[in-house]
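Shown next, in C-alpha cells, is the structure this report addresses.
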Amino acid sequence: MSRNPRTIALVGNPNAGKSALFNALTGARQKIANYPGVTVERKAGRMALASGEPAELLDLPGSYSLDPTSPDEAVTRDVVMGKQEGQRRPDALIVVVDANNLEQHLVFAQEVIGLGLPTVVALNMVDLAARDGLVLDAEALQESLGVPVVETVAVRRRGLETLTGALGKACNEWPEDPPLPAHIDMVERRVSARAMAKGAIVSETRQRRLHRGLDKVLLHPWLGPVILFALLFVVFQAVFAWATPFADALDGAVGALSEAVTATMAPGLIRDAITEGVLAGVGSVVVFLPQIVILFFFILVMEATGYMARAAFLMDRMMAYVGLSGRSFIPLLSSFACAIPGIMATRSISDPKDRLTTILIAPMMTCSARLPVYAVIIAAFIPATSVGPGVGLQGLVLFALYIAGIVGAMVVALVLRRSVAKGQASGFIMELPRYQMPRVKDIAIGLWQRAYIFLRRAGTIIFTVTVVLWLLLSFPQAQPGENQVDASFAGKIANGLAVVVEPIGFNRDMALALIPAMAAREVAVSSLATTYAVAADDEEEAAEALGAQLARDWSLPMALSFLAWFVFAPQCLSTIAVAKRETNGWKWPAFMLAYLFALAYLAAGATFWIATAAGL
Ligand SMILES: Nc1nc2c(ncn2[C@@H]2O[C@H](COP(=O)(O)OP(=O)(O)OP(=O)(O)O)[C@@H](O)[C@H]2O)c(=O)[nH]1
Ligand SMILES: [Mg+2]
C-alpha cells in the first residue's frame with residue numbers, strides 16, 4: 001500500500017481509560033511531543049489493525065464536549081475536526097466510554113459519532129461493572145448508537161482483537177457519505193444518553209441500583225449540600241445530648257476521687273497539688289472524653305460508609321468559589337481532629353500557593369482540643385432548652401461555633417487567593433469509593449485510638465502544664481486576708497496581660513488561662529479549674545463544679561467573647577512548629593500567628609460589645 005498509514009484517535013471523557021487503551025494497543029512504540037503553540041502533550045504510537053496493516057494511534061486529552069472550556073479540550077476538538085496545525089485529520093476514531101458511567105459518557109460519545117468519521121466505541125471497564133453487579137448489552141448499545149460497540153478491559157488487554165477488527169472493518173467499509181444523525185443539542189443528547197444507557201442494561205443488582213439512587217440524592221447539586229449540612233447539625237446535637245449522662249458520671253467520679261483524697265491525706269502542699277492541680281485541672285479536661293468519642297464516632301462512620309468522599313466531591317464546587325480546590329478538603333477535614341496531621345496532609349496539593357493557603361487556614365477548623373473549652377462554657381452559660389422539636393440550644397451554639405470557624409477560613413482563603421497567594425481554583429477528579437456498611441471492629445479500633453490520643457494528651461502535656469501552673473499559682477503564699485491568686489507569680493503575670501485583653505471583656509482569670517493554653521487549647525479549661533480551686537476560700541467552694549463557678553463569676557457577654565476568641569486564636573505551639581517545617585521558614589508561621597491573633601481579638605471584642613449592647 002502506498003498511502004500513509006492511517007491515523008486513528010482515541011477520544012472520550014476524562015478517566016474513560018483512553019491512555020490505558022493506548023498503552024495496551026501500542027506497547028512501547030510511543031512518541032511524546034507537544035502540539036505546536038500549546039503545552040498540551042501529543043502522544044502518538046504505532047499499532048496494527050487486525051489485518052496487520054500498521055496505523056498511527058493518537059491519545060487525545062479527555063473532554064466533555066466539542067465546545068472546549070480548556071486548552072486540553074480545544075486540542076481534542078481541533079484534532080477531530082482536522083483544524084489542529086501540523087496534524088492530519090484522523091481517518092477513524094475510537095470513542096472510549098466507561099461502562100460504569102454510561103449515561104454521562106454517552107453524551108459526548110454521541111457528539112463525536114455525529115462527526116461522521118469511521119467510529120468504533122470501546123465499552124471499557126466492563127470488569128468493574130461486572131464486579132458491581134452490572135451486566136450490559138453491547139449489541140443493544142450498538143443498535144442505538146449506530147456504530148460498532150466492543151467490550152474492553154484496557155488494563156487486562158481484553159477485547160483488543162475484536163476492537164482492532166472492528167476498526168479495520170470500519171476504516172474500509174465506512175460509507176463515503178454516512179447518513180449523519182440529525183443535529184441534536186446538549187439537552188437532547190442528555191435525554192437520549194439516558195434512554196440508551198437504560199436500554200443497554202441487561203441486569204443490575206438491587207445493591208447497585210440502590211447505590212446509584214443514593215448517589216443521585218446525596219450528590220444532587222442543591223439537595224446534597226442540604227443533606228450534608230443537616231447531617232452535621234445532627235452530629236453536634238448528639239455531641240451534647242448523648243454525652244451528658246456519661247460526662248456527668250465522669251464528673252462525679254473525679255469529684256468522689258477528690259473527696260477521698262481530702263479525707264485520707266493530711267492537709268498540706270502535696271494534697272493540694274493533687275486536688276487543686278491534678279484532679280481539678282486534668283480532671284476537668286478528662287470529663288470531655290464522651291464528647292470526643294461521640295464526635296469521632298460520626299466522623300469514622302461517615303468515612304467507613306463512603307460518604308466522606310462524597311462530601312469532598314460536594315465541597316469541591318464550594319471550594320472553587322473561594323479559589324481552592326477539592327484537594328484542600330481532606331487536609332481541612334483532618335484539621336477537625338487536629339491541625340497538625342491536617343497541615344501535613346497538604347503535601348498532596350501540588351500547586352504551592354493552593355497548599356500555602358490551605359496551611360494558613362487549617363488552624364481555623366475546629367480541632368478536637370477546642371471541644372472541652374466550648375463544652376464547658378456552653379454548659380455553664382447556655383441553658384439546656386430546646387428551640388424546636390429535637391433541637392437543643394446548646395448543640396445549636398456548638399454547631400454555630402464550628403460554622404464560624406469554617407466561614408472565617410473561607411473568607412480568609414478568598415482574601416489570600418487575591419493577595420499573597422494569588423491563584424485560580426483548579427478542579428479535581430476523584431474516584432468515589434463504593435458505599436459500604438461500616439465494620440463495627442474498624443469503628444471500635446478508630447474510637448479507641450482517638451480516645452487514647454486524648455487521654456495521652458491529658459496525662460502528658462496537660463498534666464505537666466497544669467502542675468507548673470499550680471506551682472506558679474501557689475507561690476509565694478498569700479498573707480492572711482490576701483487572696484492566693486493575687487499573691488502568686490501567676491497572678492502577677494496575668495495582671496500584666498489582663499490590661500491587654502480587658503477591652504474585649506476578659507477578666508484576670510481568663511487572661512491567666514490564655515498563657516498556658518498556648519501549649520494546648522484544653523489547658524484553658526484545666527487552668528481555669530485550677531485557678532478557681534486555688535482561689536477557693538473553703539473546701540466546699542473548691543469542690544464545686546467548674547461550670548457553676550464560671551456561671552457565678554462571668555457575665556454572658558464575657559463567656560461569649562471567650563468562645564469567639566477560641567474560634568480563631570492560634571493557641572497551639574505544635575501547629576506553629578509544623579507550619580514552620582512545612583513552609584521552610586518562619587515567615588508564614590509568623591504571618592499565621594499575627595493574623596489569627598488579630599482575628600481572635602477583633603471577634604472576641606465585637607462579640608463582647610455587641611452582646612453587652614444587646615443587654616445579654
Ligand atoms: N479496572 C479497570 N480499570 C481501568 C480500565 N481502563 C482504565 N482503567 C483505569 O482507569 C484509570 C483511568 O484510566 P486512563 O487511561 O488514565 O484514563 P484516560 O481516559 O486516559 O483519562 P484522561 O487522560 O484523564 O482523559 C486508570 O487508573 C486505569 O488504570 C479497565 O478496563 N478496567
Ligand atoms: Mg489519558
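In listed order, ligands and their atoms are each counted from 1. The residues of the chain are indexed from 1 along the displayed sequence.
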At under 4.0 Å between heavy atoms, which part of L128 makes contact with ligand 1: side chain, backbone, both or neither? side chain
Filtering V96, N15, D127 for the heavy atom nearest atom 11 (C) of ligand 1 leaves N15
Nearest heavy atom to atom 7 (C) of ligand 1, choosing from A129, A24, A20, belongs to A20
Give the C-alpha distance, both sets of side-chain angles, the deciding distance and a yes or no for side chain to side chain donor-acceptor pair (under 3.5 Å) between Y402 and R370. CA-CA 10 Å; Y402 274 77; R370 280 166 173 109; over 6 Å; no
May I ask you to check whether [X] has an N/O atom sitting below 3.5 Å from an N/O atom of ligand 1?
X	answer
A16	yes
L21	no
V153	no
A154	yes
K18	yes

For S19, counting its heavy atoms only, list the atoms of ligand 1 lying under 4.0 Å from any of them. 15 (O), 18 (P), 20 (O), 23 (O)
Within 4.0 Å of some non-hydrogen atom of G62, the atoms of ligand 1 are 25 (O)
For the pair Q87 and R42, evaluate side chain to side chain donor-acceptor pair (under 3.5 Å) and give the outcome as yes or no after the intermediate values. CA-CA 10 Å; Q87 172 67 58; R42 179 183 187 276; 2.9 Å; yes
Do any heavy atoms of G12 fall under 4.0 Å from ligand 1? no
F298/F236 aromatic ring centres below 6.0 Å: no
Measure centre to centre between the rings of F233 and F229, then say whether the value is under 6.0 Å. no
Validate the cation-pi geometry between R450 and F297: distance from NZ or CZ to the six-membered ring centre under 6.0 Å, angle to the ring axis within 45°. no
Decide, yes or no, whether a salt bridge links E56 with R46 under the criterion of side-chain N to carboxylate O below 4.0 Å. no
Under the criterion side chain to side chain contact (heavy atoms under 4.5 Å, CB included), which of L134, L136, V135 is the partner of V202? V135
Given E53 and R6, is the salt bridge (charged side-chain N to carboxylate O under 4.0 Å, His left out) satisfied, shown in steps? CA-CA 9 Å; E53 184 192 339; R6 293 186 212 265; 3.2 Å; yes
